[in-house]
Amino acid sequence: RCLSDWSSDVCSSDLVVDRATRAVSHRTFGELPRLLRAGDTLLRNNASVLPARLLGRRPAGGKVECLLLRNTGASAGAVEVWQCLVRPGRRLPAGAAFEAGDGALAGTVAAVLGDGTSLVRFATRGGESVAQAAGRIGEIPLPPYIERTDDSLREQDRERYQTVYADRGRQVAVAAPTAGLHFTPGLLGEIRARGVRTADLTLHVGLGTFRPIAAATIEAHPIHGELYEIPVDAQRALFPPLGGRRIAVGTTTVRSVEDFLSSHGAPLERPHAAEARLFIRPPRAFKGVDALITNFHQPRSTLLCLVAAFLAPGSTEGIDWLMEIYAEAISRRYRFLSYGDAMLIL
């Protein structure tokens with residue numbers, strides 16, 4: 001497996017599924033331009049990852065870890081209220097206080113919510129916003145299965161755990177839209193040279209995307225909501241001329257597109273912002289995505305449900321097929337999860 005430094009071609013593995021013929025082939029991601037056609041559009045989530053992991057201390061000296069999830073908008077002056085995941089949760093009831101970054105952020109737990117998260121009221125120094133302060137003092141919130149003991153690797157993650165097309169002014173995600181991590185500027189240039197367009201939207205990736213299904217059935221799983229924004233040009237790209245395929249880079253892009261098209265049959269004349277609460281699972285038909293680039297996901301994931309639905313739209317046959325595809329990927333030693341390999345479903 002090759003590791004890209006963003007200045008060379010991508011060498012990660014790519015499993016390609018042709019739904020029409022049920023053929024499975026094995027490529028490298030650098031071969032992607034040859035699988036695309038002039039007139040196709042790559043739909044991308046350009047969200048940038050906020051260094052949302054804050055390490056702090058309580059006044060008595062106990063350690064606190066706080067993961068910023070979402071600004072609730074309930075702010076007053078220099079105080080912002082965020083939905084957070086705080087640890088150790090049992091020792092941080094309402095009223096508990098802590099500081100992070102030598103006092104750059106002072107937090108007080110305002111309420112403990114039923115889903116295991118908390119509302120935290122933050123005060124900052126020097127007129128910074130919470131996001132600005134986190135950008136200085138926070139760590140990139142890598143998934144827990146990626147261990148970091150080397151500070152130099154943590155610094156590299158600030159760059160590597162972002163897509164090359166991320167809007168660095170929009171640090172609104174607590175996890176990277178990882179299907180986009182395979183792209184380099186050179187690869188995108190080759191794709192554009194072949195007449196393939198790109199269109200960007202923004203989905204604020206939250207913790208719920210990665211929470212496993214704990215219910216007895218997938219229908220009983222309480223799906224999370226995530227904010228998304230689709231500008232006018234991206235809306236127009238969802239209604240392409242005949243022959244152009246809409247290729248979603250990542251499941252977060254699919255969720256945004258399908259939520260928008262569930263209530264809109266034409267582009268709007270204004271940017272659209274809403275909260276996606278779709279649970280995409282078999283049997284579902286898709287309105288705005290013709291092909292999908294995605295990573296390999298963990299068991300009991302809602303993302304597996306989405307991929308299974310996309311393999312066989314409108315039926316439940318994709319569930320067993322997905323298990324067959326994953327078994328082959330495992331036998332060929334594909335890498336799973338955030339820094340893993342990719343799958344292209346045509």
Side-chain angles (χ1 to χ4, degrees), residues 45 47 49-56 58 62-75 79-98 100 105 107-122 130-131 134 138-146 171-178 202-229 250-252 254-256 258-259 273-281 297-306 337-338:
N45 180 7
V49 181
L50 177 70
R53 182 171 178 253
L54 305 175
L55 302 180
R58 297 198 64 184
K63 293 182 179 180
V64 173
E65 181 177 333
C66 177
L67 179 65
L68 301 171
L69 297 178
R70 180 189 294 190
N71 187 339
T72 66
S75 304
V79 175
E80 297 179 21
V81 179
W82 283 68
Q83 183 181 7
C84 303
L85 190 64
V86 294
R87 295 175 181 170
R90 292 181 180 177
R91 298 181 185 177
L92 292 166
F98 63 92
L105 282 172
T108 302
V109 177
V112 178
L113 306 181
D115 62 358
T117 64
S118 299
L119 295 180
V120 179
R121 187 168 55 249
F122 285 104
V130 171
E139 294 183 358
I140 289 292
L142 293 175
Y145 51 79
I146 299 178
Q171 291 186 316
V172 295
V174 299
T178 53
T202 307
L203 181 129
H204 302 215
V205 186
L207 184 66
T209 291
F210 305 98
R211 277 191 162 160
I213 296 173
T217 64
I218 60 173
E219 292 80 7
H221 177 70
I223 195 63
H224 59 284
E226 290 174 315
L227 298 174
Y228 71 96
E229 304 156 64
T251 56
T252 61
V254 176
R255 196 166 191 232
S256 303
E258 293 301 314
D259 188 87
E275 185 174 42
R277 288 194 169 272
L278 284 179
F279 187 178
I280 300 177
R281 61 181 189 266
H297 306 292
Q298 61 189 346
R300 304 190 70 83
S301 164
T302 59
L303 307 182
L304 284 178
C305 297
L306 185 153
L337 309 179
S338 290

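Closest heavy-atom contact between Arg90 and Pro93: O-CD, 4.5 Å. The minimum heavy-atom distance linking Ala94 with Ala110 is given by the pair CB-O, 3.9 Å. Here the closest heavy-atom approach between residue Ser256 and residue Tyr228 is recorded as OG-CB, 3.6 Å. Residue Ala214 comes nearest to His221 through the heavy atom pair N-ND1, 4.3 Å, listed as atom of the first residue, atom of the second, then distance. Of all non-hydrogen atoms in Thr252 and Pro177, the two that sit nearest each other are OG1-CB, 3.9 Å. Scanning both residues, Cys305 and Ile213, for their nearest heavy atoms gives SG-CD1, 3.8 Å.
At a threshold of 4.5 Å between non-hydrogen side-chain atoms, the residues Val49 and Pro141 count as touching. Looking at Thr302 and Arg255, their side chains never come closer than 4.5 Å, going by heavy atoms from C-beta outward. The shortest distance between side-chain heavy atoms of Pro51 and Gln171 falls below 4.5 Å. Val205 has its side chain within reach of Glu226: a pair of non-hydrogen atoms, C-beta onward, lies under 4.5 Å apart. Under the 4.5 Å side-chain criterion, counting only non-hydrogen atoms from C-beta, Arg58 is in contact with Leu92. Proximity of Lys63 to Leu55: side-chain heavy atoms (C-beta onward) are nowhere separated by under 4.5 Å. Side-chain atoms of Glu65 and Val86, non-hydrogen and from C-beta on, never get closer than 4.5 Å to each other. Counting heavy atoms from C-beta on, the side chains of Leu68 and Phe122 come closer than 4.5 Å.
For Arg87, the CZ atom is loosely surrounded, since the number of other residues' heavy atoms within 6.0 Å does not exceed 12.
Note that CG of Leu304 is 10.0 Å distant from OG1 of Thr251, once rounded to the nearest 0.5 Å. A distance of 8.5 Å separates CD of Glu258 from CG of Leu306, quoted to the nearest 0.5 Å. How far CG of Asp115 is from CG of Leu113: 5.5 Å, rounded to the nearest 0.5 Å. The line from CG of Leu54 to SG of Cys84 is 7.5 Å long, rounded to the nearest 0.5 Å. How far CG of Leu119 is from CZ of Arg121: 10.0 Å, rounded to the nearest 0.5 Å. From Asn45, atom CG reaches atom OG1 of Thr202 across 6.0 Å, with rounding to the nearest 0.5 Å.
Checked by atom type and distance alone, the side chain of Thr72 pairs as donor or acceptor with a backbone atom of Val81 at under 3.5 Å. Arg53 contributes no side-chain N or O that, together with a main-chain N or O of Ile140, makes up a donor-acceptor pair within less than 3.5 Å. The closest donor-acceptor contact from the side chain of Ser118 to the backbone of Val120 lies at 3.5 Å or more, if one exists at all. Using modelled atom types, no side-chain atom of Arg281 and backbone atom of Ile218 make a donor-acceptor pair closer than 3.5 Å.
When each of Leu105, Leu50, Asn71 is checked for a side chain to side chain contact (heavy atoms under 4.5 Å, CB included) with Val130, only Leu105 meets the rule.
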